[in-house]
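In what follows, every chain begins at residue 1, and chains take the letters A, B, ... in the order their sequences are listed. In this text the structure is predicted, and so the values were computed from the model without any measurement.
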Number of protein chains: 2
Amino acid sequence: MDFPVPLHVHDESFCVRAYESGVSNQVTLPALCNYLQEAAGNHARALGLGIHELQDAGFTWMLARLHLAIHRYAAWRETVHLRTWPAGVRGRLTALRDFRMTDDAGETVLLGVSEWLYVEAAAQRIVRLPQAFAALAPAGTPQVPLPETPAKLPAVTAPEWSAAITVRHSDHDFNNHVNNAHYVAWTLECLPDAWLGRRRAREIDIAFRAAAHWGDTVTAEAAHDAGDADTLLHRIRRDSDGALLAQARTVWSEPS
Amino acid sequence: MDFPVPLHVHDESFCVRAYESGVSNQVTLPALCNYLQEAAGNHARALGLGIHELQDAGFTWMLARLHLAIHRYAAWRETVHLRTWPAGVRGRLTALRDFRMTDDAGETVLLGVSEWLYVEAAAQRIVRLPQAFAALAPAGTPQVPLPETPAKLPAVTAPEWSAAITVRHSDHDFNNHVNNAHYVAWTLECLPDAWLGRRRAREIDIAFRAAAHWGDTVTAEAAHDAGDADTLLHRIRRDSDGALLAQARTVWSEPS
């Protein structure tokens, strides 16, 4: 992998398990998100910025956006190697963390950029990043070669597909929040078999806007992006108040 | 671990991941079921009896029952060591597979017994076990020290708690079946926070009776077992035809 090494990196390998595999015997997109979350959490902890360390001080991390390009879906039982690192800050509020996943041959199978906000837990208020954070990724820190995404995702105006989802206890993680990988799963939930059976998502860009909780019913909707047969737009809204919980854009292709 | 070694064993270790941990920062019961399923699948494959090998011949395995005693829930980031082995057959139809999970100190944290049926895939018909199967666990093969369970689980007659669940695409595994760990999660889904907040399941005995599929709505119900404040009975039924999908019995205690 001909790629400069950032100042702080965390490497972790994952062997794709049966229950993380989809019908094609390949790792599912939500399972990939779980791997990313696991490695990011372990790295933050090693840096003294883990969720439990922050909680003790009254703060927490919130994942605001995740942009992934999936070059190839690893097969069941295949081991993938994930490297993650703080990639810088954007303004005073957004910390960037990048991901690069490779296979045993060193070929890239996934690139990812994530955006994190620093939140005062009691007030649920976004606060300025601690100064120390910028120092983790000084100028010149490498970033994964993913195209910039627009600050705002396009809105879904005329949904073509829709699915109702009741939030389960088991969708919650140890923070008692719905795990981000579940929003990714919900995003795909409304797509018909005829779509999913012939295509794989090769890109997802998802913005997390508000949290769902146990007992909420939410509606996941999707539609084609105007003028692009391979691109879909998604939104997840809470039924009770119409609150927008997540927006996404996915790009699909037939498996090669 | 002072325990005789069976003829065929498979050992696999799992480090409890963040997304497999519940609010108490301990591994969830469904995550434990995933570990068991993973190790059983890997062992069956190593023995030439894996799900893909069987599918090629027109057969598949069906998990019919799972009985677990959880001595202690491992913490997030803790590594657990799982040993599994074919433990014998019961009659002509039921293959037994046992599990013992230990911690780094060698202490038992979980014991399990599972019952598997051999199914002719096209006809969805249970068939006699291949002769070779009994030979995997000759007379004298060790079995985990779990008390025998009654052949039939007691029925839920007057449900106290109930939850409606819509089966998701993402509940399915690579066989396009709902993964058994999801039935375990659904079993717990109807229990109120006041129950779950103060207790952990230290035993589960679950019988899988029929399969749910995407789009089904199911109802999970639970009630106290007569005369035992710590024991609950559960059932999961499909709403459209009332079919019984799973029955379970759970025993609960306050964390020590």
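Using a 4.5 Å cut-off between non-hydrogen atoms, the part of residues 209-220 of chain B that approaches chain A consists of B:W214. Contact residues of residues 33-44 of chain A toward chain B are A:N34, A:Y35, A:Q37, A:E38, A:G41, A:N42 (heavy-atom distance under 4.5 Å). Below 4.5 Å, heavy atoms of chain B meet no heavy atom from residues 53-63 of chain A.
Interface remark: A:A185 contributes side-chain atoms only to the contact with chain B (heavy atom separation under 4.5 Å). Looking at A:V167, only its backbone comes within 4.5 Å of chain B, counting heavy atoms on both sides. With a threshold of 4.5 angstrom between heavy atoms, A:D171 approaches chain B through side-chain atoms but not through N, CA, C or O.
Here B:Y19 is the residue among B:Y19, B:W186, B:W76 with the most heavy-atom pairs under 4.5 Å with chain A. Interface check for chain B: of the options A:E20, A:R77, A:Q26, A:H172, the most heavy-atom pairs under 4.5 Å are formed by A:R77. The greatest number of non-hydrogen atom pairs below 4.5 Å with chain A, out of B:N25, B:L188, B:T166, B:L191, is found for B:N25.
Summarising the geometry, atom OG belonging to B:S170 is positioned 11.5 Å from atom CG belonging to A:L29; distances are rounded to the nearest 0.5 Å.
Crowding of B:R45 atom CZ: a count of heavy atoms from other residues, nucleotides or ligands under 6.0 Å not exceeding 12.
For B:R249, the salt bridge (Lys or Arg N to Asp or Glu O under 4.0 Å) criterion is met by B:E203, not counting sequence neighbours.
Between A:R168 and B:I165, some side-chain heavy-atom pair lies under the 4.5 Å cut-off.
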